[in-house]
Amino acid sequence: MLSTRDLTVGYDDRTVLDGLDVDLPADAFTVIVGPNACGKSTLLRAMARLLAPRRGTVLLDGTAIRDLPTRAVARRLGVLPQSPLVPEGVTVADLVGRGRQPYQRWWRQWSAEDEAAVRAAMALANVDELADRAVDSLSGGQRQRVWIAMTLAQETEALLLDEPTTFLDLAHQVEVLDLLHRLRVERNRTIVAVLHDLNQAARYADHLIAMRAGAVVAAGPPREILTADLVRDVFGLDCVVVPCPVSGAPLVVPSLTTSVRPKGSPCVAESSPSSSPPRSVPA
Amino acid sequence: MTVLPAGRTLVRLGPARLVVRHRPVLAGAVLVVLLAAAVVLGLSLGTPYVAPADVLRSLSGVGTPYDLVVRDLRLPRVVLAAAVGAVFGVAGTLIQSVTRNPLASPDVVGITQGAGLAATVALTGGAAAALIAPAALAGGLAAAVVVLVLGLRHGLAAHRFVLAGVAVAVALRALTEVVMLAADPVDGIRAQLWLVGTLAGKGWREAAYLGVTLLALVPVLLWAGWALNGSALDDDTARGIGLRPVARRVGLATTGVLAAAMVTAQVGAVDFVALVAPQVARRLVRAERPPLLCAALVGALLVVLADLAGRRLFAPTQLPAGVLTAALGGPYLIYLLVRGRRKVC
């Protein structure tokens, strides 16, 4: 449903994305991965019309997104930026209610639909019990669920999230990703997220986009494209890819470096990548 | 049916549906009562003293021996004080919300200095008294335009707006001093006096002018009250829910500086009202941003009391209201510092 054509984005004198053509499948969970500063957040922000491209277009169901009124886009596309600023003292219900902004006008500030959407969003993100708490008093995991609830209240077909798990501990990361997975499966939402953890990406993504230096290196289902060669291409990291014992998805295990190699360990990392690339186990 | 976030009620007015928060309404009601009391006090105290009961009778228009003192001498000034405070309160709220800075006010973003420079030039240049206020208005607006244009390059980001304002303010103040030093000492003193905001010798004409200003602002403020709701969100989040943060900031900032320039042109710099009123109001309603209407009421209350204190504290010597509010501002800033929490509006 979202795609880019010849998308070129830059800051000041630096070009971050140069002529990118990306297609995001509808009703799928797409994860964008890549090393720091590879342009993955820039791509997400450009697709969410938070950044104006220098050249090229972002298409939302075939229409250039910049030709659509921003309120109309906000009814079809929810965005969760990387580290949104929490307004001081604002309550959970209040913040989730902001998600109804694209349906409101100053003379029509609240409706039964708003009410229902906010309730449903809070229940779905499991924050309904926190409704009257101040957002700035919540833990990181709770806060992230509140932000997700706000974007859910927008009732959009698609949800774009920029590193939604970055500041969370492992249990909360899983909680957030499970929530996104449920949205995809139970509500047929299109989910697009930038993630840092390759293994989480492999487990949750239907469609994986691997980026390096502003270009897409590979795109497709993780089980087809996530190989040791790809990880080396994209991250410059030697690794072994094995099937995950829990999910069967590809599991990326970095090779040992000499500095952390205990006695008697297998010597995968000792051979140089050029002479003997690490073994890749297809899932 | 409706379960809004706690502390709110949905009000249906014909086709319109407005969310009304309880605390601001409650605080507003209390402030209106306090303001009424302050007004009566302002009309009552002085030489001669007029008992509050007589003030009320005189106001009701039955005709009393005090009509000259209450209605003709004191009422215009008290009404003007309330109007000045209200406009400053509104201007401060808008400017602080755009800059996300509780210390921002018209004199931080250069408007006061622009008006001051223009008024000084007019006064020392021997312009007619009637031309001082229009000159000051033009000066304040010119400064506002420069600050807005400088601030706009990066979408009127908060820090950029403040930095542009401080730079313009400092430059204009320096120019003002040059003009004063070069002028005839008597004119220089007159200019100095103008710069300290005072209500002495002013009345219905200025009050009417500010009343019209406030009325013209009403539709803008209705929009602003709603637009301010998104002002506490960062730009990406705001865009994500379909807002246009830059357009909003420009609209809110323009309204704020316009209001500040209008009121400064009439009465000079009544320091700190625009700074303090929004923050006091915000604490009263415990909101994440200053409420417009309450800030206007707090501003009105502050200036009515400051003018009254200036008239009575060292009577018969009269202090300009601007001196009193400035004296209040210092301790308030120290209080903010001691509290130590950086407040974002």
(message) If I measure from the heavy atoms of chain B, does Gln154(A) come under 4.5 Å with its side chain, its backbone, both, or neither?
(response) side chain
(message) If you compare all heavy atoms of Ala74(A) against all heavy atoms of Gly240(B), which two are closest, and at what distance to 0.1 Å?
(response) CB-O, 3.6 Å
(message) If I compare all heavy atoms of Ile241(B) with all of Gln101(A), which pair ends up nearest, and what's the gap?
(response) O-CG, 3.6 Å
(message) Can you confirm whether Arg244(B) is buried at CZ, in the sense that more than 12 heavy atoms of other residues, nucleotides or ligands lie under 6.0 Å from that atom?
(response) no
(request) Heavy-atom pairs under 4.5 Å with chain B are the metric here; pick the option from Leu50(A), Val86(A), Thr156(A) that has the most. (result) Leu50(A)
(message) Do Gln82(A) and Asp236(B) make a side-chain contact, defined as non-hydrogen atoms from C-beta onward lying under 4.5 Å apart?
(response) no
(request) Using a 4.5 Å cut-off on heavy atoms from C-beta on, say whether the side chain of Arg100(B) contacts that of Leu85(A). (result) yes
(request) Would you indicate whether the side-chain heavy atoms of Gln104(A) and Val19(B) approach each other to under 4.5 Å? (result) no
(request) Measure across Thr70(A) and Arg239(B) and return the closest heavy-atom pair with its distance rounded to 0.1 Å. (result) OG1-O, 4.0 Å
(message) Which atoms of Arg105(A) are under 4.5 Å from chain B, going by heavy atoms: the side chain, the backbone, both sets, or neither?
(response) backbone
(request) Report yes if some heavy atom in the side chain of Thr237(B) is under 4.5 Å from a heavy atom in the side chain of Met150(A); otherwise report no. (result) yes
(request) Please say whether more than 12 non-hydrogen atoms of neighbouring residues, nucleotides or ligands are located less than 6.0 Å from CZ in Arg187(A). (result) no
(request) Counting only heavy atoms closer than 4.5 Å, note whether Leu95(A) contacts chain B via side chain, backbone, both or neither. (result) side chain
